[in-house]
Enquirer: 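Okay, here's the structure, questions in a sec.
Note that the structure is predicted; figures quoted are calculated from it, not measured.
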Amino acid sequence: MERINRRRILALVLVFALILGLFGFRMYQLQIRDADPEDASLSTYTTWSRVTAARGEILDRNGNVLVTNRASYNLVFNNYVFYNSDSPNESLRRLTALLAERDIVYIEHFPVTMDKPYAYTFDQLDGTWQSYFRDFLNYRELDSDISAAQLMKQLRAAYRIPNDWTDQEVRRVVGLRYELELRSDLTTLPAYTLISDVDADSLSAILELNIPGLTVESSTVREYTTKYAAHILGYVGEMSPEQYEVYGELGYSMDALVGQTGFEQAFEEYLHGTDGVKLTTVDADGNIVAEYFTTEPQAGANVETTIDIDLQIAAETALEQAILDLRENGIGRNSEGTDAEGGAVVAIDVKTGQVLACASYPTYDLSTYFQDYNQLLETDYDPLYNRALQATYAPGSVFKMAVTIAGINAGTINSGTVIEDLGVYTKYEGYQPECLIYTNYGRTHGEINVMEALAVSCNYYFYEAGIRTGMQAIDAVSKALGLGEDTGVELYEEEGSRSNAERKQEVYGDDPDQSGWYDADTLMLSIGQGENRFTPMQLAVYTAALANRGVRYKATFLNRVISADYQSLLYSAQPKVLSTCSISDDAYYAYTTGMRMAVSDPSGTVYSYLNDYPVAVAAKTGTAQHGGSGSANASFVCYAPYDDPEIAIAVFVEKGAQGGNLASVASAIMDVYFRQTQESTAQIPAENTLN
């Protein structure tokens, strides 16, 4: 009997609990979901908001800040205060009317068009927001296949929106009510941010409306302290669905901004901080009762890059000037180069592989990138294209050092081998290419050795050297020197290709007349043509490897990572060797001497440009055909000082006609580099002296 009484009591308790639960749920529907706020009776309400952590700064190698953060303000809704206010719908109507009037863009994810006939806009939402919408329909006990028009009718009634409102007013208010309802225990989303980084005028106008529950929260946004280096600094933006699949696993919120290009993307793991979580308890009038962090925001680390902003400025300025001068004046007796298009220049520390400057022309202003985007897409020569890393070109005669090394290493030539330039290479009846000096002036270089051939850039000499040496030996050397290979830089780059039998098969497929490797292909390979396609970054790495006698370092933009407070060193990059090309003593002597003679010998291709430069420079010019109309492409590489190399530079200009005039770009960079070096040396006190 006692056991039966206990069961009855337990049953009564469960029934009573169920009744209380149903009553509580109904009260929630009346107070929150169906939101006629005059009925709300809770005394306080606690919301949580995500406090975005400041992103780390990006600096150059000397500590100059290139990208930082500035204070910004966001407009955020407090649901409880809003629901407890008088006439919430009218408040939203006034708010959205002002936003529309001033063309202020605000954040909204309601997947229905603004105008009739209503239609869904799921294609504008990522998978997560689509999932939230499905949860919303389920919560409201609406069919998953409900039409957009029927949904609007249902929500207009549920939100008690007056019948005399216009369709646009209804749609705008429903959109905001949807965002607010998602955050009423339906999801784990933080408080609704209406506008991020609102400007001062808009903020003032909105606050004058005195919208209940709409508060101002401080945050930060990216700010650029330089107008240079746009192609490599990059920018941050909202995540794509594919990015969220990756970053979501790392704890990122779905509305987090992440690096999309450049350093911002490459060093995301260091720059991105850990967001904080703040709990705020308010009363019905919006007064804060309590506020505290459950998780303190932690700012991202600061990234010190390898870039020297002074060298970057010199590179961009000189490259632009060289191209504009070509367009205006041309070069040579036929004024070639007036059709010059874009170009790039890369400077590398020979001893470490650190990239000192990386410029592409034309360029753009990162601070106005989003406003200018559509215009930039239509601008001539594609300023958004990073030619330094993404464009691949036939290198022309700057490739001849690789042929020199391959020939001498293989024993087919040596530094003393003399070949007579006959103007026209007549070894093969079906293909008889000419030396450029013969084509342009009807004369030849006569009898010359390989150093002289490099100095004057004699194609005839290298036709013969290439045929004697063969494709495989040349390909092995150029691969070891980094041509057509990944340079290791942290930014996206094209790999390019080397001209060899495998590459030709890839290009021409099964066509037996085109896909085979012939002696004519070796002739073109030997002067840097054929299927050779290298980026300016690869040419800079190649030049640095030549200066290092075959040691190729990983190219890098990362120098150090420093804690947010600048007190702790978190990471310091160390030089890494990617490959080594074995170079004999005679080969090393031949190409270094030839590159020096190109500058110091009166017949050298760079003599008139760099002979009187105060630092001894080793250089090589190139002219390359590109298969299109107009002037030939131009290339230039150099390193300095000649006897103890420190800096290597590669310059390339589309339709630049001749490589020699690009020496002006390199000399502008070297001017800054060696002035800095001299100033740094002058500041070092002698031994046994006091500062």
Enquirer: I need the minimum non-hydrogen distance between Ala256 and Met239, along with the two atoms involved.
Expert: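 Distance-wise, the nearest heavy atoms are O-CE, 3.8 Å.
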Enquirer: Just checking Tyr73: does its OH atom have more than 12 heavy atoms from other residues, nucleotides or ligands closer to it than 6.0 angstrom?
Expert: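 No, OH of Tyr73 has 12 or fewer neighbouring heavy atoms, counting only those of other groups under 6.0 Å.
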Enquirer: Aromatic contact between Tyr252 and His272, with the criterion being ring centroids under 6.0 Å apart: yes or no?
Expert: yes
Enquirer: Would you check if the side chain of Asn79 reaches a backbone N or O of Leu180 as a donor-acceptor pair within less than 3.5 Å?
Expert: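 Looks like yes, one N/O pair under 3.5 Å.
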Enquirer: Side-chain contact test, heavy atoms from C-beta onward, threshold under 4.5 Å: evaluate it for Thr226 versus Gln312 and give yes or no.
Expert: no
Enquirer: Is there a donor-acceptor contact under 3.5 Å linking the side chains of Gln538 and Thr487?
Expert: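 No pair is found: no donor N or O on one side chain lies under 3.5 Å from an acceptor on the other.
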Enquirer: Enter the distance from Ile309:CD1 to Leu356:CG here, rounded to the nearest 0.5 Å.
Expert: 12.0 Å
Enquirer: Between Asn62 (side chain) and Asn64 (backbone), is there a donor-acceptor pair under 3.5 Å?
Expert: no
Enquirer: Is it true that Gln375 and Tyr364 share a donor-acceptor pair across their side chains at a distance under 3.5 Å?
Expert: no
Enquirer: Between Gln260 (side chain) and Tyr235 (backbone), is there a donor-acceptor pair under 3.5 Å?
Expert: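 Not at all, since once roles are kept as given, no pair shorter than 3.5 Å links the two residues.
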Enquirer: Are Leu176 and Tyr192 close enough that some pair of their side-chain heavy atoms sits under 4.5 Å apart?
Expert: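 In short, these two side chains touch, coming nearer than 4.5 Å.
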Enquirer: Report yes or no: do Glu494 and Tyr492 form a side-chain donor-acceptor pair below 3.5 Å?
Expert: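 There is such a pair between these side chains.
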Enquirer: Hey, can you tell me if Phe110 and Tyr178 have their rings parallel, tilted or perpendicular (30° and 60° cut-offs)?
Expert: tilted
Enquirer: Keeping Gln130 on the side-chain end and Leu125 on the backbone end, is there a donor-acceptor pair under 3.5 Å?
Expert: yes
Enquirer: Ignoring hydrogens and geometry beyond distance, is a side-chain donor-acceptor pair present between Gln168 and Asp115 at under 3.5 Å?
Expert: yes
Enquirer: For a 4.5 angstrom cut-off between non-hydrogen side-chain atoms, does Leu92 reach Phe77?
Expert: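 Side-chain contact under 4.5 Å: yes.
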Enquirer: State the CG-CZ distance between Leu271 and Arg222, to the nearest 0.5 angstrom.
Expert: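 Output value for this atom pair is 6.0 Å.
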Enquirer: Less than 4.0 angstrom from a charged side-chain N to a carboxylate O is my criterion; do Glu490 and Lys554 meet it?
Expert: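 Salt bridge present between Glu490 and Lys554.
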Enquirer: Check whether any side-chain N or O of Arg55 sits under 3.5 Å from a backbone N or O of Gly300 as a donor-acceptor pair, and report yes or no.
Expert: no
Enquirer: Between Asp325 and Gln321, is any side-chain donor less than 3.5 angstrom from a side-chain acceptor?
Expert: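 Looking only at side-chain atoms, Gln321 and Asp325 do form a donor-acceptor pair, the distance falling under 3.5 Å.
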Enquirer: What distance separates Cys358 SG from Asn386 CG, expressed to the nearest 0.5 Å?
Expert: 5.5 Å
Enquirer: Indicate whether any N or O donor in one side chain lies under 3.5 Å from an N or O acceptor in the other, for Gln676 and Asp308.
Expert: yes
Enquirer: Within the distance-only criterion (no hydrogens, no angle test), does the side chain of Ser85 pair as donor or acceptor with the backbone N or O of Gly213 below 3.5 angstrom?
Expert: no
Enquirer: Nearest 0.5 Å, please: how far is OH in Tyr270 from OH in Tyr571?
Expert: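 Separation between the atoms: 5.5 Å.
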Enquirer: What distance separates Leu491 CG from Thr556 OG1, expressed to the nearest 0.5 Å?
Expert: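 If I round to the nearest 0.5 Å, the distance is 10.0 Å.
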Enquirer: For the residue pair Tyr369 and Tyr373, does the interplanar ring angle fall in the parallel (under 30°), tilted (30 to 60°) or perpendicular (over 60°) class?
Expert: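 Correct class here is perpendicular.
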Enquirer: Taking atom CG of Leu75 and atom OG1 of Thr193, what is their separation to the nearest 0.5 Å?
Expert: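 Answer for the CG-OG1 pair, Leu75 versus Thr193, is 9.0 Å.
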Enquirer: Is it the case that the side chains of Tyr247 and Glu268 hold a donor-acceptor pair, with the cut-off being a distance below 3.5 Å and no angle test?
Expert: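 No, no side-chain donor-acceptor contact under 3.5 Å.
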Enquirer: Kindly indicate whether the side chain of Pro362, heavy atoms from C-beta on, has any atom under 4.5 Å from the side chain of Arg387.
Expert: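 The answer is yes; the side chains approach within 4.5 Å.
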Enquirer: State, yes or no, whether a side-chain contact exists between Leu95 and Leu194 at a heavy-atom distance under 4.5 Å.
Expert: yes
Enquirer: Is the CD atom of Glu90 crowded by more than 12 outside heavy atoms at less than 6.0 Å?
Expert: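 More than 12 heavy atoms, drawn from other residues, nucleotides or ligands, come within 6.0 Å of this atom.
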Enquirer: Any side-chain heavy-atom pair from Ser219 and Ser196 closer than 4.5 angstrom?
Expert: no
Enquirer: May I ask you to test the Ile104-Ile206 pair for a side-chain heavy-atom distance under 4.5 Å?
Expert: yes
Enquirer: With the threshold set at 4.0 Å, does a side-chain nitrogen-carboxylate oxygen contact exist between Arg172 and Glu108?
Expert: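 No salt bridge links Arg172 with Glu108.
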Enquirer: Are the side chain of Gln567 and the backbone of Asp565 linked by a donor-acceptor contact shorter than 3.5 Å?
Expert: yes
Enquirer: Say whether Glu304 and Asn559, considering side chains only, have a donor N or O and an acceptor N or O under 3.5 Å apart.
Expert: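 There is such a pair between these side chains.
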Enquirer: Can you establish whether the number of heavy atoms outside Gln371 located under 6.0 Å from its atom CD is more than 12?
Expert: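 Yes - once you tally the heavy atoms of other residues, nucleotides and ligands closer than 6.0 Å, there are more than 12.
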Enquirer: Is the ring pair His109/Trp129 parallel, tilted or perpendicular, if the boundaries are 30 and 60 degrees?
Expert: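 His109 vs Trp129 ring planes: parallel.
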Enquirer: Compare every heavy atom of Ile323 with every heavy atom of Gly343, then report the nearest pair and how far apart it is.
Expert: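 What the structure gives for the nearest pair is N-CD1, 3.8 Å.
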